[in-house]
> 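Sharing a structure with you now.
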Amino acid sequence: MRSYHLPPIIPVIALVLMPFLPFVNSTGLWLGLPKMLVWGAFWCLMFTPALLLSERMMARVGAGDDE
């Protein structure tokens with residue numbers, strides 16, 4: 001596994017573990033919304049910066065191969 005594969009894995013793990021995390025899968029509200037909804041929306045939004053970081057890491061690795 002290359003280093004540029006790691007940033008997108010973090011949101012994936014957070015979303016997969018969401019139903020098993022006791023502080024997320026419980027009654028209560030965060031920002032007036034159910035905890036699971038806020039957790040899922042946050043990590044879905046974090047995919048964009050993770051993919052951007054991954055793309056920049058791949059471009060850096062690719063630029064080093066051209067020299």
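Bear in mind that the values here come from a model prediction, so they are computed numbers and not experimental data.
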> Distance check, rounded to the nearest 0.5 Å: Trp43 atom CH2 versus Ile13 atom CD1?
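One finds 9.5 Å between CH2 of Trp43 and CD1 of Ile13.
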> Show your working on side-chain contact (heavy atoms from CB on, under 4.5 Å) between Asn25 and Met18 and close with a plain yes or no.
CA-CA 7 Å; Asn25 192 8; Met18 178 172 56; over 6 Å; no
> Is there side-chain contact between Val12 and Val16, with heavy atoms separated by less than 4.5 Å?
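In short, these two side chains touch, coming nearer than 4.5 Å.
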> Less than 4.5 Å apart, side chain to side chain, heavy atoms only: is that true for Leu53 and Tyr4?
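Side chain of Leu53 against side chain of Tyr4, heavy atoms only: no contact under 4.5 Å found.
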> Side chains of Met57 and Ser3: closer than 4.5 Å at any heavy-atom pair?
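The answer is yes, as the side chains (C-beta and beyond) meet within the 4.5 Å cut-off.
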> According to side-chain hydrogen bond (donor to acceptor under 3.5 Å, both in side chains), who are the partners of Thr48, at least two apart in sequence or on a separate chain?
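Counting only residues at least two positions away or on another chain, Thr48 forms no side-chain hydrogen bond (donor to acceptor under 3.5 Å, both in side chains).
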> Side chains of Phe47 and Ile10, heavy atoms from C-beta outward: is any pair under 4.5 Å?
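No; the side chains remain at least 4.5 Å from each other.
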> Is the shortest side-chain heavy-atom distance between Leu51 and Pro7 below 4.5 Å?
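When only atoms from C-beta onward are counted, Pro7 and Leu51 do not touch, as no gap falls below 4.5 Å.
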> List in chain and number order the residues that pass side-chain contact (heavy atoms from CB on, under 4.5 Å) with Leu37, two or more places apart in sequence or in another chain; answer none if no residue qualifies.
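Expected list: Leu33, Pro34.
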> Starting from the C-alpha separation in whole Å, work towards a yes-or-no answer on side-chain contact (heavy atoms from CB on, under 4.5 Å) for Trp30 and Val24.
CA-CA 10 Å; Trp30 288 345; Val24 176; 4.3 Å; yes
> Flag the pair Lys35 / Leu29 as yes when at least one side-chain heavy-atom distance between them is below 4.5 Å, and no otherwise.
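Heavy-atom side-chain distance check fails, nothing below 4.5 Å.
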> Applying ring pair (Phe, Tyr, Trp, His ring centres under 6.0 Å), can you list everything that pairs with Phe23, at least two apart in sequence or on another chain?
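Expected list: Trp39.
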> Is it the case that one hydrophobic cluster holds both Leu17 and Ile9, taking links as side-chain heavy atoms less than 4.5 Å apart, direct or via other members?
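Yes, one cluster joins them.
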> So, for Cys44 and Leu15, which heavy atoms are closest and what is the spacing to 0.1 Å?
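In terms of heavy atoms, the two residues are closest at SG-CD1, 4.2 Å.
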